[in-house]
Amino acid sequence: MSDAAPADSPGPHPKREIDLGAMPERARYGLLTSVVVPRPIAWVSSLDADGVPNLAPHSYFMILSTDPPILGFVSVGEKDTLRNIRETGDYVINIAGEHLIEALNLSSADFPSRESEFAWAGLTPEPSRHVRAPAVAEAAVALECRLREVVPYGNTPNYLIVGDVAHLRLAEAVVRDGRVAADLLRAVGRHGGPVYSRTADLFTLERPRYADMAARRPDGDS
Ligand SMILES: Cc1cc2nc3c(=O)[nH]c(=O)nc-3n(C[C@H](O)[C@H](O)[C@H](O)COP(=O)(O)O)c2cc1C
């Protein structure tokens with residue numbers, strides 16, 4: 001426990017200044033992955049050139065565009081997922097509910113390329129509509145993606161894998177009133193090290209509009 005005042009107590013707080021560039025890479029990785037949180041997890045299924053299915057979680061993951069729908073995730077170095085996607089040109093991003101977290105974690109182990117994480121994790125490859133890579137049948141969300149480009153970054157290097165979403169498949173069980181309900185999907189967030197968060201204690205907050213705020217401004221003209 002830190003003996004500093006809690007982060008949500010009234011500030012200002014004593015701060016620590018950190019020069020990321022002067023740190024060893026491992027410590028920098030630890031800090032960045034502890035502050036860019038909670039990260040959604042792309043559970044990426046792909047096929048190798050011989051048709052062996054592969055599955056691995058990637059939490060460097062985000063929406064790059066919705067028109068057209070484009071998603072990006074990062075391979076930290078060269079891995080089976082990246083190699084498969086380069087070879088075949090497609091993959092599926094599955095979103096795991098909390099009940100699948102053990103299987104998701106297991107699929108991150110350093111399996112030899114020829115071993116399928118599907119079999120090890122007791123998961124079922126489900127045929128996709130528009131791509132050759134299978135989805136995880138047990139996961140509620142499958143985003144079928146076609147590779148657009150691979151962009152290298154940094155010294156490792158890392159590879160940003162950018163793909164167009166060709167199709168979305170949703171389990172009926174997570175849909176309420178035509179929308180995906182967060183309390184039904186129960187997605188998991190990644191924090192630093194082995195720390196995860198549940199989708200629990202949800203709340204809603206409407207986005208403010210400047211025009212409304214200006215109209216109510218105590219010292220305003222109106
Ligand atoms: C929750 C979680 C998130 C992860 N996120 C990433 C990531 O964003 N990028 C990455 O390269 N590896 C990430 N990993 C590690 C990979 O899953 C791991 O290296 C895996 O063995 C890669 O499998 P592959 O060689 O079959 O592609 C993550 C692991 C876990 C458990």
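All ligand and atom numbering here is 1-based and tracks the order in the structure.
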For ligand 1, indicate whether the residue Tyr196 contacts it via side chain, backbone, both or neither (heavy-atom separation under 4.0 Å). side chain

Ligand 1 and [X], any nitrogen or oxygen pair closer than 3.5 angstrom?
{"X": "Val76", "value": "yes"}
{"X": "Pro57", "value": "yes"}
{"X": "Asp110", "value": "no"}
{"X": "Asn105", "value": "no"}
{"X": "Leu104", "value": "no"}

Measure the shortest side-chain to side-chain distance between Val188 and Leu104 over non-hydrogen atoms and say whether it is less than 4.5 angstrom. no

Is there a side-chain contact between Val131 and Arg146, using heavy atoms and a 4.5 Å cut-off? yes

Give the atom numbers and elements of ligand 1 that come within less than 4.0 Å of a heavy atom of Ser75. 11 (O)

Note: ligand 1 atoms sitting under 4.0 Å from heavy atoms of Asp80 are 24 (P), 25 (O), 26 (O), 27 (O)

Evaluating non-hydrogen atoms only, which member of Glu117, Lys79, Arg190 is closest to atom 15 (C) of ligand 1? Lys79

Tell me whether the NZ or CZ atom of Arg86 lies within the 45° cone about the ring axis of Tyr159 and under 6.0 Å from its centre. yes

